[in-house]
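Below is one structure, written out as structure tokens, with a few remarks after it.
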Number of protein chains: 2
Amino acid sequence: MQDEATSAPPPARARPNLAAVAALAGVSASTASLAFSGAGPVSATTRAKVLAAAEQLNYAGPDPRAQSLRRGRSGIVGVVMEDRLRDAFRDPVNIAMLDGISDELGTASLGLLLLTEPGQGGVDLSIAPMDAVILVGCSTQLDKAVVVFRQRGIPVVAIEAEPMPDVLAIDLDNRDATARAARHVRQLGHERVALVTLPLEPSHARGVLTAEREAASTAYTVRERIRGAREVFPGVTGVVASASLVEEGLIAGRELLSSADRPTAIIAQSDLLALGVIRAAEERGIRVPQDLSVVGFDGVRIEGADAYELTTLVQPSVAKGRAAGRAIVELLEGGTPAPSGFRSELRIGNTTAAAPR
Amino acid sequence: MQDEATSAPPPARARPNLAAVAALAGVSASTASLAFSGAGPVSATTRAKVLAAAEQLNYAGPDPRAQSLRRGRSGIVGVVMEDRLRDAFRDPVNIAMLDGISDELGTASLGLLLLTEPGQGGVDLSIAPMDAVILVGCSTQLDKAVVVFRQRGIPVVAIEAEPMPDVLAIDLDNRDATARAARHVRQLGHERVALVTLPLEPSHARGVLTAEREAASTAYTVRERIRGAREVFPGVTGVVASASLVEEGLIAGRELLSSADRPTAIIAQSDLLALGVIRAAEERGIRVPQDLSVVGFDGVRIEGADAYELTTLVQPSVAKGRAAGRAIVELLEGGTPAPSGFRSELRIGNTTAAAPR
DNA sequence: AACAACTCTCGAATCGATTCGATCGATTCG
DNA sequence: CGAATCGATCGAATCGATTCGAGAGTTGTT
């Protein structure tokens, strides 16, 4: 690299392109393209010539980037998760959903680009070459990004998000389901009830669930579930966890169970949190369900929770993901899929019982 | 859509492009480009004019697909996982690694395209517009894909894979670490030892670990760990699990512990498998560690394993991922990062003890 | 006043492929 | 035997931006 620029730069063996292959094969670029894509009549001999030339030049096939531009499709679907990956993937419910998504996308030969909400230093959401986007439990903070998607004509599907114009919703009965669980608890005679919620803010701050925080929050699912609980226990409140983890449920449980008139029932917004609460109870010698009833959400199987069969709301996570993936595929094919809503089912286990007197 | 093709097709309001914006702003396309990218001197007034025109036309900014082609970069890094996502993400060790990867990639504004091995109906590995690829614990089945990557000049980093030319290796001391664990077991006086391995084949078939299967396998990590165990217990064998799951460890454990002269120590290839083995022991009233010693691999924290502190090989998963991500970034910047190797550390817990006599 | 230096803008080439319509021979049909 | 048909191939336009070198206009120096 230190010699002067000579008139003829060293061959530098640039990567071959379709034109080079075509030239070597003695055909036009259009024919060579046809030979690779198979979209058009090409004689067997010509195709063979082209492939031979490609081999000779060490050509790997049409450049995906150029194809993207020309076809206006990159074959990539963005999946935007609210949390840091490390948090999101720790909850089996998210994995199940992602699995559903990837299943459907894979069938349609679409790649899955993992993205996290902006402000976290990740990729600028609007800069990636995506054909469509799936928003997973995202806050309304994404408004700006959604506007860009709309401008670009990129279809957007949102799983459990605040309804937005031009965004196809895949919803879950968060509110109603929680209300059903709450009614179950009330029928058992509980009156002192507390919540353990998922994070309310992007900062994932722990702490008491205050009216201000609640009002300021943009976390749709969390608020819906709180509302559901309030339908049955109007003034109910509780604490906010910083992630859906057993460890976090433990911390929340300790806080709730340390007070003098501790609750007799705790409604947690995920099974992991619920399990943590149970651990906190065990620590203090509080028996579940005799002294404390605990309700979860999700209906995932958790290793190590063998002693209990959690009373929880079983949600169809994989189906949810699958519906989102399916919707994306239909949208990309020009169809107009209908929004869908999924129902959770209250599964009564052995972690809820009549209130102690 | 049913009317005849008229001479003048309806305006159809095509999405605006940079040229349209430039025209409206009364500047050239090149100037408009500069105004957006900021890579060149543009007067404030001109920039304002361009941005105003963009707003008026509802232009969302330069098309990422076109940028990819022109720049020769898409900003996307593929991460190829061996398993179905549902399996891969169930093991915290993989999540941790992915977290390390995404951390480094995010810092460099690179997107993370999740891919699975071919033959699973997913995206054709060589068809996605990627700038680089990370292979995670992949079998040598990927040879063909790697060839294509090389032809395309796409750098490849492989985590715990069979060494391949032109592929940067991020390695773990699987063999040596397992040997160390095995020595620990031998020092405790164990002689009847069995293995519970991770899947040997892409089919993820369960069953006995036979010499034939082993020889035919392309699962590098699994074989290395087996070899490590053999350094200490030359003829040792065992059973193959179909995934890294507690449930699978349970199945494997049942099989191993049902035989008349059951092993006094079991070396499992993951902590999840080890925990499953312990559960199998509990089922049969076999005490750990008094009657049975169990060793794991990974050093992950597992919910529900509180009763035991697993003797295991703690591996730096996040660091491994981070190293891979870092290497990718360097490679894309034209650097030549060195391959790296990570060491696992034997952490002795309370699941191993002197062999029963 | 002439020249250098600097700032801003533009034209044209380029990235690598796809695709539509036209062309050209060869075959088939009436 | 002329015309219609069909298959194979090619040319040229297009996708949407980036970038290099050149040119125009302005300011500063001696």
Side-chain angles (χ1 to χ4, degrees), chain A residues 5 9 12 14-50 53-54 57 59-75 126-131 151-154, chain B residues 5 9 12 14-50 53-54 57 59-75 126-131 151-154:
Chain A
R15 232 163 288 292
N17 58 15
L18 188 55
V21 172
L24 179 60
V27 301
S28 74
S30 25
T31 302
S33 173
L34 262 19
F36 275 105
S37 69
V42 175
S43 76
T45 58
T46 304
R47 185 199 260 64
K49 264 194 304 185
V50 172
L57 289 179
Y59 177 72
D63 183 325
R65 280 179 280 256
Q67 292 189 128
S68 295
L69 173 58
R70 180 63 233 234
R71 301 217 241 245
R73 283 285 171 83
S74 63
S126 50
I127 228 173
M130 307 179 286
D131 294 343
Q151 289 180 323
R152 286 243 164 79
I154 295 180
Chain B
R15 234 162 286 293
N17 57 15
L18 188 56
V21 172
L24 179 61
V27 301
S28 75
S30 26
T31 302
S33 173
L34 261 18
F36 276 105
S37 70
V42 176
S43 75
T45 58
T46 304
R47 189 199 309 294
K49 265 194 304 186
V50 172
L57 288 179
Y59 178 71
D63 183 327
R65 281 178 279 258
Q67 293 189 128
S68 297
L69 173 58
R70 182 62 234 239
R71 302 217 241 245
R73 283 285 170 84
S74 64
S126 50
I127 226 172
M130 308 179 286
D131 294 342
Q151 289 181 322
R152 286 243 164 78
I154 295 180

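Chain naming here is simple, since letters A, B, ... match the order of the sequence lines and numbering starts at 1 in each.
- Atom CG of Asp63(B) is separated from atom C1' of dT18(D) by 13 Å (rounded to the nearest Å).
- Atom pair Leu18(B):CG and dC15(D):P shows a separation of 14 Å (rounding to whole Å applied).
- The CZ atom of Arg73(B) sits 17 Å away from the C1' atom of dA17(D) (whole-angstrom rounding).
- No hydrogens or angles were tested; on distance alone, a donor-acceptor pair under 3.5 Å links the side chain of Arg70(A) to the base of dT14(D).
- Remark: Thr31(A) is in phosphate contact with dC10(D), judged by side-chain N or O atoms under 4.0 Å from OP1 or OP2.
- Taking 4.0 angstrom as the limit, Ser43(B) places none of its side-chain polar atoms (N or O) nearer than this to OP1 or OP2 of dC8(C).
- Between Pro62(A) and Gln67(A), the shortest heavy-atom contact is CB-OE1, 3.5 Å.
- For the pair Ser68(A) and Pro129(A), the minimum side-chain heavy-atom distance is 4.5 Å or more.
- Checking the phosphate oxygens (OP1, OP2) of dG16(D), no side-chain nitrogen or oxygen of Gln67(B) falls inside 4.0 Å.
- Phosphate proximity of dC10(C) to Ser28(B): present, with a side-chain N or O under 4.0 Å from OP1 or OP2.
- Distances from the side chain of Thr46(A) to the nucleotides dT9(D), dT9(C), dT18(D) place dT9(D) closest.
- Shown here for Val27(B) and Lys49(B), the closest heavy-atom pair between the two residues is CG1-NZ, 4.4 Å.
- dG16(D) is paired with dC15(C) under the Watson-Crick or G-U wobble criterion, all donor-acceptor distances under 3.5 Å.
- Each of dC10(D), dA17(C), dG16(D) was ranked by its minimum atom distance to the side chain of Val27(A); first place goes to dC10(D).
- At the heavy-atom level, Pro41(B) lies under 4.0 Å from base atoms of the strands shown.
- Per the geometry, CZ belonging to Arg152(B) stands 11 Å off C1' belonging to dG16(C), to the nearest Å.
- Heavy atoms only, all atoms of each residue included: Arg152(B) and Gly61(A) are closest at NH2-O, 3.2 Å.
- Atom CG in Leu69(A) sits roughly 13 Å away from atom C1' in dA13(D) (whole-Å rounding).
- Between the C1' atom of dG16(C) and the OH atom of Tyr59(A) lies a distance of 8 Å, rounded to the nearest Å.
- At a threshold of 4.0 Å, the pair Arg65(B)-Asp131(A) counts as salt-bridged, since one of the basic side-chain nitrogens sits closer than that to a carboxylate oxygen.
- Taking atom CG of residue Leu34(B) and atom P of nucleotide dG16(D), one finds them 20 Å apart after rounding to whole Å.
- For the pair Leu57(B) CG and dA17(D) C1', the interatomic distance rounds to 16 Å; values are reported in whole Å.
- Nearest-nucleotide positions on DNA chain C for Arg71(B) and Thr45(B) put Thr45(B) closer to the 5' end.
- Comparing atom distances between the Ser30(A) side chain and each of dG16(D), dG16(C), dG11(D) picks out dG11(D) as nearest.
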